[in-house]
Amino acid sequence: MQASLIDTIFLSEKRKNLLLLLMNGPKDIDQIKEVLDVTASAMLPQIKKLRKLDLIEYDDKVYSLTEAARMLVTKMEPLLGTIEVLEDNYEYWMSRHLSDIPEEFRNRIWNLKKCELKKPDMIYIFEPPKEFNESLAKSASIETLASFFHPQCPHNYAMLAKRGINITLILTKPVFDRMKQDSEKDLRTILESDRSELFILKEDVPIGSISVTDNLFMITLFNKEMVLDHLKLTSYDPESLQWGSELIEHFKKLSIPVEKEKMLQEITK
């Protein structure tokens, strides 16, 4: 009896990984062995099973996906990627308030590859992870969305403005108003930089914060009780950075740009 497709694909790591590999283009047996770290004797029986189901084909010494297999693997990658992302930090994701992440980005959560969970010590709870500070020291730009007021942030971003860093800062109105009230000097420094742009969200967004530097992505989400527990996910993976930048751009379109000259006149009265 012919094996089912689901058994053939998912009951073998070797077959699953080979299909995902061939999605990137045809490969010969030596390339397959090198990338998947397998021997020919271990891989050839799995290739035989996939060929029997017309999932891969062999021509001119290379293996490639059939069109039917390509349809399957196109759907496999997001599913397997989502499972992997959730499993890597399962307790974190299961305890988060996720509904305010737009659906199109929730559906692409599998792009958040190689995320590490950062749990701050209580005495450093208001300080960003050292990886974030190290990344900022080497970066030419930072994009941030924040829906809570962090007492150190205005000063930190003012220091970045003085260094000539490109800054995109998207805040909820209550956070911006708090910055105007408590950190006027730092806000003025940020506004005076010709490399800064500030935006105020038209509506509050209960996503704690998202920051993207040249090489680091960081996100802080409220838990299901809408409590900020300061747990953060960070990643250096390019797909994570792109996901974060595109999410910030999404909220940027839902924001009102701050008129810098007008705001400077207002806070200096």
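Bear in mind that the values here come from a model prediction, so they are computed numbers and not experimental data.
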Tightest non-hydrogen contact, residues Phe199 and Val258, listed as N-CG2, 4.2 Å
Donor-acceptor side-chain pairing of Gln265 and Glu261 below 3.5 angstrom: no
Give a yes-or-no answer on whether the side chains of Ser64 and Lys27 include a donor-acceptor pair shorter than 3.5 Å. no
In terms of the angle between their ring planes, are Phe105 and Trp243 parallel, tilted or perpendicular, with boundaries placed at 30° and 60°? perpendicular
Could you check whether Arg108 pairs with Glu104 (Lys NZ or Arg NE/NH1/NH2 to Asp/Glu carboxylate O, under 4.0 Å)? no
With side chains defined as the heavy atoms from C-beta onward, is the minimum distance between Asn223 and His97 less than 4.5 Å? no
Can you confirm whether the side chains of Thr234 and Glu131 place a donor and an acceptor under 3.5 Å from each other? no
Same hydrophobic cluster for Ile142 and Leu191, using side-chain heavy-atom links shorter than 4.5 Å among ILVMFWY? yes
Please report the closest heavy-atom contact between Thr213 and Ser135, naming both atoms and the distance. OG1-OG, 2.5 Å
Using modelled atom types only, decide if a donor and an acceptor are shared between the side chain of Ser196 and the backbone of Ile167 within a distance under 3.5 Å. no
Sequence neighbours excluded, the answer for ring-ring contact (aromatic ring centres under 6.0 Å, His included) partners of His155 is none
Pairs of donor and acceptor atoms involving the side chains of residues 84-94, under 3.5 Å and at least two apart or interchain, shall be tabulated with distances.
unit_1 : atom_1 : unit_2 : atom_2 : d
Asn89  : ND2    : Cys115 : O      : 3.3
Tyr92  : OH     : Leu221 : N      : 3.4

